Amino acid sequence: MSDLNAIQMILVVVVAFFAGMDGILDQFQFHQPLVACTLIGLVTGNLEICVMLGGSLQMIALGWANVGAAVAPDAALASVASAIILVLGGQQQGGISTSIAVAIPLAVAGLFLTTIVRTIAVPVVHGMDKAAESGSYHKIEWLHIFAVCLQGLRIAIPAGALLFIPATTVRAFLESMPDWLNEGMEIGGGMVVAVGYAMVINMISSREVWPFFILGFAIAAVTDLTLLALGAIGIAFALIYITLSKQGGSSEGGGGNGGSGDPLGDILNDY
């Protein structure tokens with residue numbers, strides 16, 4: 001992979017800027033790994049490997065969520081930076097595991113940048129208060145835009161700094177890593193993905209949905225279906241479950257008031 005041209009670099013920084021903003025706005029999901037990595041792959045001509053990277057990182061980030069004052073690791077910075085490293089490194093699929101391993105500490109480092117930006121935003125909030133007292137709604141709007149743009153710059157500036165590193169330098173650094181370190185990072189990256197998925201299952205698991213998990217894993221193991229086909233089967237299962245839930249049910253075989261409204265749950269209650 002050669003160095004990116006000027007247009008590609010600008011587009012990558014634009015993607016990084018929107019990913020940073022949406023990490024706070026949470027409207028268009030640009031900060032999600034699958035979206036951010038896919039967009040970077042699209043503008044750099046490395047769509048396939050970036051989608052693969054984004055899919056792996058998305059499995060990790062599924063278990064990340066902001067709860068009150070507790071801020072989750074920065075998925076936007078991890079996605080953008082790891083995708084840039086993957087593209088500049090030129091290792092194709094072989095560099096995905098390394099990029100995943102690099103993404104984890106970057107996600108934690110992003111928390112420090114978030115703290116800095118939010119600290120800077122404190123006087124901005126005071127400025128909004130003063131503008132509200134004077135009735136200057138136009139100023140309040142611009143201060144809101146300024147504060148959100150700071151979040152975009154939080155990702156765009158590190159992304160721009162990475163882009164100025166020559167691709168040959170990145171490639172030489174990655175190739176100089178010993179085999180034991182590459183293998184360890186690959187194993188660690190795979191474990192992190194599994195842990196992220198396990199966290200999601202732990203949050204949404206119940207007696208009613210476990211049969212669908214079991215069916216899904218069994219179908220994936222004994223068939224050669226693609227991810228698209230498995231996704232279609234998953235959607236079909238979800239639609240079947242929603243339909244059954246709307247129809248209601250009861251553990252005594254009737255559809256009256258004796259049931260819980262969840263036919264699958266009523267059947268399991270018999271056991």
Side-chain angles (χ1 to χ4, degrees), residues 1 8 11-12 15-16 18-19 22-23 26-65 75-76 78-87 89-104 107 186-206 208-246 264:
M1 174 67 196
Q8 288 176 319
L11 291 175
V12 169
V15 171
F18 281 107
D22 212 47
D26 202 19
Q27 292 292 318
F28 304 103
Q29 306 304 314
F30 286 116
H31 65 294
Q32 295 293 345
L34 186 57
V35 178
C37 291
T38 298
L39 291 175
I40 290 178
L42 183 64
V43 301
T44 60
N46 295 270
L47 182 59
E48 182 178 354
I49 59 171
C50 284
V51 169
M52 295 172 64
L53 172 64
S56 298
L57 292 178
Q58 190 69 60
M59 297 299 293
I60 301 173
L62 283 174
W64 294 350
S79 305
V80 171
S82 60
I84 292 174
I85 292 173
L86 178 63
V87 170
Q91 294 182 315
Q92 297 300 314
Q93 294 187 21
I96 293 178
S97 58
T98 303
S99 298
I100 293 174
V102 170
I104 306 305
E186 182 176 356
I187 295 172
M191 291 177 63
V192 171
V193 173
V195 170
Y197 192 59
M199 291 173 64
V200 177
I201 294 177
N202 187 53
M203 289 187 292
I204 67 175
S205 64
S206 66
E208 289 78 15
V209 300
W210 268 118
F212 296 102
F213 279 127
I214 296 171
L215 284 172
F217 282 115
I219 292 173
V222 302
T223 66
D224 294 327
L225 295 175
T226 63
L227 287 177
L228 184 61
L230 291 173
I233 293 173
I235 293 174
F237 281 151
L239 293 175
I240 292 171
Y241 181 80
I242 292 173
T243 302
L244 292 175
S245 298
K246 289 181 178 179
L264 183 57

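Reckoned from all heavy atoms, side chains included, excluding hydrogens, waters and symmetry mates. Just so it is clear, the structure is predicted and the values come from calculations on it, not from any experiment.
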*Check whether any side-chain heavy atom of D22 lies under 4.5 Å from a side-chain heavy atom of H31, and answer yes or no.*
yes
*asked:* Would you say that more than 12 heavy atoms from the other residues, nucleotides or ligands in this model lie under 6.0 Å from the CG of L239, or not?
replied: yes
*asked:* As an exercise, state the distance from CD of Q58 to OG1 of T38, rounded to the nearest 0.5 Å.
replied: 9.5 Å
*Of the non-hydrogen atoms in V43 and Q8, which two are nearest, and what is the gap between them?*
O-CG, 3.3 Å
*asked:* What I'd like to find out is whether the side chain of L11 reaches to under 4.5 Å of the side chain of V15, using heavy atoms alone.
replied: no
*Can you name the residues that form a side chain to side chain contact (heavy atoms under 4.5 Å, CB included) with I49, not counting sequence neighbours?*
N46, L86, Q92, Q93
_So which atom in A16 and which in V80 form the shortest heavy-atom distance, rounded to 0.1 Å?_
CB-CG1, 3.8 Å
_Distance check, rounded to the nearest 0.5 Å: I240 atom CD1 versus I235 atom CD1?_
12.0 Å
*Hey, could you give me the SG/CG distance between C50 and L39, rounded to the nearest 0.5 Å?*
10.0 Å
*Gap between atom CG of L47 and atom CD1 of I40 - 0.5 Å precision*: 12.0 Å
*For the residue pair P33 and S79, what are the closest heavy atoms and their distance?*
CA-OG, 3.1 Å
*Any idea how F30 and F18 line up, ring-wise: parallel (<30°), tilted (30 to 60°), or perpendicular (>60°)?*
tilted
_Return the CE to SG distance between M52 and C37, rounded to the nearest 0.5 Å._
12.0 Å
*Taking all atoms of both residues into account, what is the closest heavy-atom pair of A78 and S82, and its distance?*
O-OG, 2.5 Å
*Nearest-0.5 Å distance that lies between atom CD1 in I219 and atom CZ in F237*: 4.5 Å
